[in-house]
2 protein chains.
Amino acid sequence: MLSKKSQYAFKALTYLSEKYEQGPVLISDIAKKKKIPLKFLENILLELKKAGILDSKKGKGGGYFLQKAPDQITMATVIRLINGPIAMLPCVSLYFYERCSNCNEKVCGLHDMMVEVRDATLNIVDNRTIKDLLVNGKG
Amino acid sequence: MLSKKSQYAFKALTYLSEKYEQGPVLISDIAKKKKIPLKFLENILLELKKAGILDSKKGKGGGYFLQKAPDQITMATVIRLINGPIAMLPCVSLYFYERCSNCNEKVCGLHDMMVEVRDATLNIVDNRTIKDLLVNGKG
DNA sequence: AGCATAGCCCACCAACTCTATAGACTTATA
DNA sequence: TATAAGTCTATAGAGTTGGTGGGCTATGCT
């Protein structure tokens with residue numbers, strides 16, 4: 001399941017997409033409009049910034065804004081950053097790989113099945129961007 | 001991610017599949033062979049029993065055994081039971097549905113995308129059984 | 001320079017989940 | 001009736017999640 005943090009991240013990104021190239025947006029504005037706890041949102045936005053998805057400006061007239069176009073930010077990137085692995089097992093993860101204890105990947109039926117699930121999921125989230133979250137202007 | 005509990009469950013079910021229709025298997029036997037903490041395994045097997053997947057016999061000569069054939073137990077069933085929802089959002093779950101707070105499912109891009117992911121995943125785990133975990137006799 | 005603005009950073013907390021264990025209880029078989 | 005083996009309840013430590021508080025730092029305006 002996606003954490004609440006992830007859902008907040010997507011809401012914020014949706015909002016920022018609507019304001020893309022319209023100047024910085026205040027954290028407090030996002031928090032209010034999307035009903036996200038302000039301080040929690042702060043952490044999320046900062047994380048997105050450090051990952052190069054958002055950028056910010058301090059001081060008066062400052063705020064957060066997208067660093068790339070909405071259709072250049074994949075769902076997979078955001079999920080991995082905020083939520084963690086997409087795969088259902090560490091031994092099957094591309095970005096968070098860890099080998100199995102007590103089990104040989106070469107002859108593990110579960111491993112093979114989870115590779116299938118991973119690929120089916122990636123086929124979607126790698127090919128969708130936060131632009132796709134904008135369904136007739138609402139998020 | 002699948003919890004450790006889920007992985008243990010699949011290991012145990014794999015082992016019991018290999019012994020299908022060969023009489024009850026001791027918890028301690030499963031625990032030893034599959035390197036699962038015994039008391040933890042106890043809870044897991046009991047849960048599987050209550051869900052109608054396993055059955056057991058007490059007393060001498062007792063143990064656990066599959067209640068249905070390995071190819072009649074879907075992966076989806078076990079995952080839902082031990083791990084929880086398969087969907088990435090409650091508002092998209094078939095068996096653990098909860099409506100979104102602060103968001104209208106009818107016009108939510110994230111919702112629609114997560115439906116896609118859910119269906120892609122279900123397409124696999126609904127059509128695979130624990131029999132498919134038996135790759136040349138190993139689990 | 002000085003002040004207000006607004007993001008940055010650090011530390012902390014309560015609640016919950018996950019993993020695991022302990023011990024007493026019940027039932028079945030020989 | 002002794003013993004084997006599953007059942008049940010409770011608990012505990014570690015880690016994660018969701019959230020808050022307070023001070024620091026950079027920016028822009030006057």
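Protein chains get the first letters and strands the later ones, always in sequence-line order, with residue 1 at the start of each.
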[X] [atom1] to [N] [atom2]: how many Å, rounded?
| X | N | atom1 | atom2 | result |
| --- | --- | --- | --- | --- |
| Phe65(B) | dA5(D) | CZ | P | 15 Å |
| Ile27(A) | dG19(D) | CD1 | P | 16 Å |
| Gln7(B) | dC18(C) | CD | P | 13 Å |
| Leu38(B) | dG6(D) | CG | P | 9 Å |
| Met1(B) | dT17(D) | CE | C1' | 16 Å |

**Asked** Taking all atoms of both residues into account, what is the closest heavy-atom pair of Gly61(A) and Pro24(A), and its distance?
**Response** O-CG, 3.5 Å
**Message:** Tell me the closest heavy-atom pair linking Ser28(A) and Leu38(A), and the distance in Å.
**Reply:** CA-CD1, 3.5 Å
**Asked** For residues 115-132 of chain B, which residue pairs qualify under salt bridge (Lys or Arg N to Asp or Glu O under 4.0 Å), counting only residues two or more places apart or in two chains?
**Response** Glu116(A)-Arg128(B), Arg128(A)-Glu116(B)
**Message:** Rounded at 0.5 Å granularity, tell me how far NZ in Lys4(B) sits from CD1 in Ile44(B).
**Reply:** 11.0 Å
**Spacing of Phe65(B) atom CZ and Asp55(B) atom CG [to the nearest 0.5 Å]** = 4.5 Å
Can you tell me if the side-chain N/O atoms of [X] get under 4.0 Å from OP1 or OP2 in [N]?
| X | N | value |
| --- | --- | --- |
| Tyr8(B) | dA20(C) | yes |
| Ser56(B) | dT7(D) | yes |
| Lys4(B) | dA20(C) | yes |

**Item:** Donor on one side chain, acceptor on other, Thr74(B) and Thr77(B), under 3.5 Å
**Value:** yes
**Message:** Do Ser6(A) and Ser3(A) pair up side chain to side chain, a donor and an acceptor below 3.5 Å, judged on atom types alone?
**Reply:** yes
**Request:** Compare the minimum distances between each of dA20(C), dT19(C), dT7(D) and the side chain of Ser3(B), then state the nucleotide with the smallest one.
**Result:** dT19(C)
**Prompt:** How would you label the contact of Lys39(B) with the nucleic acid (heavy atoms, under 4.0 Å): base, sugar-phosphate, or nothing?
**Reply:** base
**Request:** Would you mind classifying the nucleic acid contact of Leu26(B) as base, sugar-phosphate or nothing, using non-hydrogen atoms under 4.0 angstrom?
**Result:** sugar-phosphate
**Request:** Could you encode protein contacts along nucleotides 25-30 of chain D as a string, one character per nucleotide from 5' to 3', using B for base contact, S for sugar-phosphate-only contact and - for no contact, with a heavy-atom cut-off of under 4.0 Å?
**Result:** BSBS--
**Asked** Is there a residue in residues 40-55 of chain B whose heavy atoms reach under 4.0 Å of DNA chain D, and which residues are they?
**Response** Glu42(B), Leu46(B), Lys49(B), Lys50(B)
**Message:** With side chain to side chain contact (heavy atoms under 4.5 Å, CB included) as the criterion, how do Leu89(A) and Met1(B) come out once you've worked through the C-alpha distance, each side chain's angles and the decisive distance to 0.1 Å?
**Reply:** CA-CA 6 Å; Leu89(A) 289 177; Met1(B) 298 276 273; 5.9 Å; no
**Message:** Tell me whether Lys39(B) is salt-bridged to Glu42(B), with the criterion being a basic N under 4.0 Å from an acidic carboxylate O.
**Reply:** yes
